[in-house]
Number of protein chains: 2
Amino acid sequence: MYSKSEENYLKAIYHLESIAKHGVSTNGIAGEMETKPSSVTDMVKKLADKGLVNYVKYQGTTLTEKGKKTALGIIRKHRIWEVFLLETLDFQWDEVHEIAEQLEHIKSEELINRLDTFLGNPQYDPHGDPIPDKNGNIKRLEKKLLSELNKKEQGILVGVKETNTDFLKYLDKRRIAIGTPIKVIGKEFFDGSMIIQVQKEQFFISKKIAENLFIHI
Amino acid sequence: MYSKSEENYLKAIYHLESIAKHGVSTNGIAGEMETKPSSVTDMVKKLADKGLVNYVKYQGTTLTEKGKKTALGIIRKHRIWEVFLLETLDFQWDEVHEIAEQLEHIKSEELINRLDTFLGNPQYDPHGDPIPDKNGNIKRLEKKLLSELNKKEQGILVGVKETNTDFLKYLDKRRIAIGTPIKVIGKEFFDGSMIIQVQKEQFFISKKIAENLFIHI
DNA sequence: TTTCAATTTTAGACATAACTAAAATAATAA
DNA sequence: TTATTATTTTAGTTATGTCTAAAATTGAAA
């Protein structure tokens, strides 16, 4: 088994790799982990010894297959716990991340699989990110910001970017929640504002709102 | 906040104090923690610096009020998580302890309180031990082994001692579960066997069975 | 009351995972 | 191509929590 610290490094490297496809820099990892580059060098060597990353001095780091699978396992745990906190314990969107950061390091395959079953095998977490399955398979992410859609396009809400309380209350008021279908009725190119249809109602939303909603097409 | 290790020491000291009422020995803690006495001395000094225990060289250790409250907080978490694993995720009795050992160290008051609410504020864990409340108040434990009861006495099952699979299957077959009322109809002093009543049925059980069932009177 | 055994503490060492400061390497500009 | 800057690595230190071996203290038996 890997330490909490090792797991967090793997997660950070996975995250960086998914943004820029090539090997990730020591500085980059240090930024992501909020630590110093020298600490990263030490850790990355250790991960290389364990066969989790490919590391060549001054050349950057990439995950091996084993490292990738391990990272996806942790991400799976994180996202399933987030769903649990939100759906079962009624936490607010902005409270779940910190707790899930701790819960993702609990060692038990059985626990996470049972939790997954209990939650009905959710496919996406509250931020609209796909949840990897037991074998580390993860859905290609086809989510877009609502603001990127054009007139007549539609999809379902899979997540939010901003988790500010006022924003979440606004969504509640408008009856917009994860899973809600949303259709773009009209779009104003001058200011990016839109008319959208939610359930049977149509209403106006600003660009700012549209930029904070993730849609799955 | 306290480290996982500090929390485990507090739990161990609490446990030892509840068995023998006076101060606990360094060797005793070492036994409970499966570590060496020298490690215990180091840690106990640290806990004393933090005001969690009273420690006098060569004289043993006792929890301060603060230490006791902290220990009860951890025990509360442990027992609530055990209930969750058993009731919500359908784990077997013997699988929950190890996972709860990890979960009890998750830092979030809010999480444990919401979980408690979700579970309906359970008063006892699956072993029949009382769950402390938010303020660290814990019920006096009035549980006895079924084997200690006499003819005509009765109570409800609050826990089991043995968690062997065959034993648990036996209980299932007999429709005996946590919360089940049990009444002693007859008791044979020669071998300690009993006739008990469960729901509407009466049947024979051996001393060995009776010694593994905790009853709350 | 002295002696011996058990308990407990101290001293010194080790692993993990972090840090600072300095050295080495790579990338960029002149 | 050389000089300068940015990045990365190394070397040495620190804190936590453990360990072993040796010293100190306590308690029990002779």
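The sequence lines fix the lettering, A, B, ..., with proteins before strands; numbering per chain opens at 1. What you see is a predicted model, and the numbers here were worked out from it, not measured in a lab.
- In this structure, Thr26(A) reaches the dT9(D) phosphate: one of its side-chain N or O atoms is under 4.0 Å from OP1 or OP2.
- Using modelled atom types and a 3.5 Å distance limit, the side chains of Asn135(B) and Arg76(B) yield no donor-acceptor pair.
- Residue Tyr9(A) places none of its side-chain N or O atoms closer than 4.0 Å to OP1 or OP2 of dT16(C).
- Atom pair Asp49(A):CG and dT16(C):P shows a separation of 11 Å (rounding to whole Å applied).
- For Ser39(A), counting side-chain heavy atoms from C-beta on, the closest listed nucleotide (dT18(D), dT25(C), dC19(C)) is dC19(C).
- Within 3.5 Å, no donor on the side chain of Ser25(A) pairs with an acceptor on the base of dT7(D), nor the reverse.
- Ion pairing between a basic and an acidic side chain is recognised when a charged N comes within 4.0 Å of a carboxylate O; Lys11(A) and Glu104(A) show such pairing.
- Summarising the geometry, the separation between CG on Leu47(B) and P on dT18(D) is reported as 11 Å, rounded to the nearest angstrom.
- Using modelled atom types, one finds a donor on one side chain and an acceptor on the other under 3.5 Å when comparing Asn54(B) with Thr62(B).
- For the residue pair His105(A) and Asn8(A), a side-chain donor N or O sits within less than 3.5 Å of a side-chain acceptor on the partner.
- Across the protein-nucleic acid pair, Met43(B) atom CE and dC19(D) atom P stand 11 Å apart, rounded to whole Å.
- Nearest-nucleotide mapping onto DNA chain C: of Gln59(A) and Glu34(A), the residue sitting toward the 5' end is Glu34(A).
- For the 3.5 Å distance criterion, the side chains of Lys107(A) and Gln102(B) fail to qualify, holding no donor opposite an acceptor.
- One atom, OH of Tyr55(B), and another, P of dT25(D), lie 12 Å apart when rounded to the nearest Å.
- Checking dT9(C), dT8(D), dC19(D) against every side-chain atom of Asp42(B), the shortest atom distance belongs to dC19(D).
- Applying the 3.5 Å distance criterion, the base of dT20(D) shares a donor-acceptor pair with the side chain of Ser38(B).
- Here Thr41(A) lies in heavy-atom contact (under 4.0 Å) with a base.
- In this structure, Tyr58(B) atom OH and dT25(D) atom C1' are separated by 4 Å, rounded to whole Å.
- Side-chain proximity of Lys36(A) to the nucleotides dA24(C), dA18(C), dT20(C) is greatest for dT20(C).
- You'll find that the side chain of Asn27(B) is closest to dT8(C), out of dT8(C), dT20(D), dT10(C).
- Counting only heavy atoms from C-beta on, Lys57(A) has its side chain closest to dT10(D) among dT10(D), dC19(C), dT18(D).
- Between Glu6(A) atom CD and dA18(C) atom C1' the separation is 14 Å, expressed in whole Å.
- Protein atom NZ of Lys45(B) is 15 Å distant from nucleotide atom P of dT16(D), rounded to whole Å.
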